[in-house]
Amino acid sequence: MKQILRLTMVAVALLCSTFAKADTTVVGAEDNSTAFWSVFSDYYTIKPNETLTLEFKNFSAKVANWQNWVVAVTTDAERGAENYSEYVVLRADNWAWQYGLNTGPDSSHDWFTSISSNYVWETFLDDMDGSDVVMTITRAYEKVTIHADITTAGGKSYFEDFVINCGDGEQNIRAFLLTDGGHLVIDNSKTTIKNTDLPVEGQVGKTDNTTGFFGEFSDYFTINPNQTLTIEFDNYAGAEDGGYTWYNWLVALTTDADRGGEGYSEYAVVRPDNWGWNATADTNDKSWYKSLDNYYDWDHFNSNIDGAHVIMTIERKGAEVTMQAYYTKDDITYWERFVLDCGDGSQVMRAFLSVDHSHLIVRSSAVADNVENSVGFVDNNSLWWNAFSDDYYVAQNKTLKLQLTTYTGAANWNNWVAVVTNDAERGEATYSEIFALRSDAYGWGNDSYNAENITNDYAETNADIWDGTTMPSEFNGATTEITLERNDNIINFKAVTTSTSGKVYTEQYTQEYADASDVRLFLVADHSHFVVEGAEIIDTPTAISRVSAERSAAAPVFNLAGQRINKAVKGVYVQDGKKFVVK
């Protein structure tokens, strides 16, 4: 009888306690009958700025979602001791609590920072049973992040993340595992406690790129109506080429509320791999946004944007919001744009950055007010052929006058570009460009490069103008008057720019155009922006009635074909934008 009793007691001990088998520790009864808070793993003490890694296999009775692993993070004391307190008890089914508080929708969320997962709840019970779990508990100053990477027996991948502040970051803390209607097999050879790779200022996500989707967040950025937000950050992708393209940054455009708080809603969440979503829209419904496009090399996408510097611009103009991400790395440049309507344009909105198995470092951010009639992002980051002025239609014997204030980018050509076309919309089959002229006296047309017919006095006004720095400086904040004059079969273009230092620069171009229909002029910003201060269309004075005294004798002379000539003989010519006759 004593022998039977002793065997029975041993069996009970094995059933209800933690025991070691070789290099593993089993927590809970292998028939998954262990009750909650009855069997525990060893304590793991985590010092300030250390990271604990645990690897274990999880088994479940598969009756309820909570019959899986549980982890507790506590003060540095034994359970039940006077100074014992729990920072959090986190379950595998994305649920956590701290005394009377929990992560449910009716409880206070002030005690934790974030909880998230990507489970498929319909298959959760089967997925979790027999799954392999790699859990990291990372201390970075006062912030503690619990991250679980879960691989099912069938090869599916899931994660769960929880973030909380524990003390002031200077105390030791403890962690331990337990189960509720399951059992765990901990691989002790994989248990490590190492120094945390501490984040630098502005960092979002762990440096080793183990932070799961929406596992960490930047600060909120508030954008008022008709403002533009610029965020500069460095991006570090979490996958090599051929891996997941979404292992990168994310940006969320939301209502003016905290995540999970009352009134919180996402207008859009956008990924760098040309993908975005809206929680209220059907997956196949594309009508909720206006545009999503990019310029990428998809064969080397991850390596090209890993370590890239990103300038993200979020512009609000009325209800329309444009998000643009512009990448630079070595000699590589890429971009992505997303356009949608957010509310009616009168609401305050927010943006924030997050990561998915990646990390980023926010370097700077700024918000600027938009100016009425401004074309191009106020941070001068508008891509070529993306920011257009209004269209101005000019009939025969009419003259268009535009007044601009210009704000330049870094290069000579980072300013306005004037494009003169036939009477057709961009993108139409009949659309044709008569000519295009840049502010730096460079141009082109349908037939050929025609810069040889563009004249300017830039070097005469400022000998250093072409050195790559003087022109952007002189034209930044300058005022420009553009004149497009139609006179019979001639189009005369003239741009007079007055710099903030008072110097006057003149650029001119003349071309024959026999079509009697309207021509159209619009301006494009190229990594610049400008403000249209005024526009008017007037009658063109009768060309032949002009006297030569109205012309500058030093200006070059052109024939009606737009060709520059050295000497005018009998005929009709153009000088200084005006026709004259030699008899």
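We're numbering straight along the sequence, starting at 1. All values below were derived from every heavy atom in this structure, side-chain atoms included, with hydrogens, water molecules and symmetry-related copies excluded.
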If you apply the rule side-chain hydrogen bond (donor to acceptor under 3.5 Å, both in side chains), what do you find for Arg271 with Asn248, and how did you get there? CA-CA 7 Å; Arg271 296 189 324 211; Asn248 276 290; over 6 Å; no
Between atom CH2 of Trp384 and atom CG of Asp526, what is the distance when rounded to the nearest 0.5 Å? 6.0 Å
I'd like to know whether Asn304 forms a side-chain contact (heavy atoms from CB on, under 4.5 Å) with Tyr334, so could you lay out the CA-CA distance, the side-chain angles of the two residues, the decisive distance to 0.1 Å, and finally the verdict. CA-CA 9 Å; Asn304 284 342; Tyr334 293 113; 2.9 Å; yes
Tell me the closest heavy-atom pair linking Thr222 and Val367, and the distance in Å. O-CG2, 3.9 Å
Is the count of non-hydrogen atoms from other residues, nucleotides or ligands lying under 6.0 Å from Glu240 atom CD greater than 12? no
Output every pair passing salt bridge (charged side-chain N to carboxylate O under 4.0 Å, His left out) with a member in residues 156-167, not counting sequence neighbours, ordered by first then second residue. Asp127-Lys156
Anything under 30° is parallel, anything over 60° is perpendicular, the rest tilted; go ahead and classify Phe162 against Trp111. tilted
Looking at Asp293, I want to see if its CG is surrounded by more than 12 non-hydrogen atoms of other residues, nucleotides or ligands under 6.0 Å. yes
Measuring from Ile361:CD1 to Gln203:CD, what's the distance to the nearest 0.5 Å? 5.0 Å
Can you list the residues that meet the side-chain contact (heavy atoms from CB on, under 4.5 Å) rule with Ala268, with sequence neighbours excluded? Val270, Trp288, Phe338, Leu340
Please list all pairs passing the ring pair (Phe, Tyr, Trp, His ring centres under 6.0 Å) test where one or both residues lie in residues 181-206, with sequence neighbours left out. Phe59-His183
Decide yes or no on side-chain contact (heavy atoms from CB on, under 4.5 Å) for Thr230 and Ile311, but give the supporting numbers first. CA-CA 7 Å; Thr230 302; Ile311 302 177; 3.9 Å; yes
Could you state the interatomic distance from OH (Tyr119) to CD1 (Ile150), rounded to the nearest 0.5 Å? 3.0 Å
Listed partners of Phe217 passing ring-ring contact (aromatic ring centres under 6.0 Å, His included), at least two apart: Phe214, Phe352
For His527 and Asn380, what are the C-alpha separation, side-chain angles and deciding distance, and is it a side-chain hydrogen bond (donor to acceptor under 3.5 Å, both in side chains)? CA-CA 5 Å; His527 286 86; Asn380 289 337; over 6 Å; no
Nearest atoms (heavy-atom pairs only) where Leu90 meets Ala96: CD1-CB, 3.8 Å
Identify the two heavy atoms, one from Gly343 and one from Ala319, that lie closest to each other, and give their separation to 0.1 Å. O-CB, 3.6 Å
Listed once per pair and sorted, the salt bridge (charged side-chain N to carboxylate O under 4.0 Å, His left out) pairs that draw on residues 314-326, sequence neighbours left out: Lys290-Glu320
List the atom of Ser528, the atom of Thr408, and the distance in Å for their closest heavy-atom pair. CB-CA, 4.2 Å
ring-ring contact (aromatic ring centres under 6.0 Å, His included) partners for Tyr267, two or more places apart: none
Note, Asn58 side chain near Leu184 side chain (heavy atom, < 4.5 Å): yes
Does Asp187 pair with Lys57 as a salt bridge, N-O distance under 4.0 Å? no
Tell me, please, which residues at least two apart from Thr51 pass side-chain contact (heavy atoms from CB on, under 4.5 Å). Thr53, Thr136, Thr138, Thr196
Which distance, rounded to the nearest 0.5 Å, do you find between the CG of Asn370 and the OG1 of Thr228? 3.5 Å
For Lys143, side-chain contact (heavy atoms from CB on, under 4.5 Å) partners two or more places apart: Thr145, Val163, Asn165, Glu216
On a heavy-atom basis, which atom in Thr254 and which in Met349 lie closest, and how many Å separate them? O-CB, 3.3 Å
For the ring pair Tyr247 and His359, is the centre-to-centre distance below 6.0 Å? no
Is Lys286 positioned over the aromatic face of Trp275, cation under 6.0 angstrom from the ring centre and no more than 45 degrees off axis? yes
What is the minimum heavy-atom distance between Asp256 and Arg350, and which atoms define it? OD1-NE, 2.8 Å
Run Asp126 and Lys62 through salt bridge (charged side-chain N to carboxylate O under 4.0 Å, His left out) and show every step you take. CA-CA 7 Å; Asp126 288 331; Lys62 299 201 298 183; 3.1 Å; yes
Only counting residues at least two apart or in another chain, list the ones meeting ring-ring contact (aromatic ring centres under 6.0 Å, His included) with Phe388. Trp385, Phe522
In this structure, which one of Trp37, Tyr43, Tyr44 forms a ring-ring contact (aromatic ring centres under 6.0 Å, His included) with Phe40? Trp37
Is it the case that over 12 heavy atoms from other parts of the model lie below 6.0 angstrom from the CZ atom of Phe213? yes
Please check if atom OH in Tyr220 has more than 12 non-hydrogen atoms from other residues, nucleotides or ligands closer than 6.0 Å. yes
Between Gln67 and Asp180, does a side-chain hydrogen bond (donor to acceptor under 3.5 Å, both in side chains) hold up when you go through it step by step? CA-CA 5 Å; Gln67 292 177 324; Asp180 183 3; 5.8 Å; no
Flag if over 12 foreign heavy atoms under 6.0 Å of NZ, Lys47: no
According to side chain to side chain donor-acceptor pair (under 3.5 Å), who are the partners of Ser346, at least two apart in sequence or on a separate chain? Asp344
Do Ile314 and Val251 come within less than 4.5 Å of each other through their side chains, counting heavy atoms only? yes
Qualifying residues under ring-ring contact (aromatic ring centres under 6.0 Å, His included), relative to Phe377, sequence neighbours excluded: none
What's the spacing between Asp208 CG and His357 NE2 if we round to 0.5 Å? 10.0 Å
Walk me through whether Leu198 and Tyr141 qualify under side-chain contact (heavy atoms from CB on, under 4.5 Å). CA-CA 8 Å; Leu198 291 174; Tyr141 308 105; 3.8 Å; yes
Is the closest side-chain donor-acceptor distance between Asp273 and Thr245 under 3.5 Å? yes
Criterion side chain to side chain contact (heavy atoms under 4.5 Å, CB included) against Asp241, the qualifying member of Asp299, Asn302, Asp297: Asn302
Chi angles and distances behind the side-chain contact (heavy atoms from CB on, under 4.5 Å) call for Tyr296, Glu336: CA-CA 8 Å; Tyr296 287 134; Glu336 178 178 1; 2.9 Å; yes
Parallel, tilted or perpendicular for His529 and Tyr407, by the 30°/60° rule? parallel
side-chain contact (heavy atoms from CB on, under 4.5 Å) partners of Asp93, counting only residues at least two apart: Asn65, Trp66, Arg91, Trp95, Trp121, Phe124
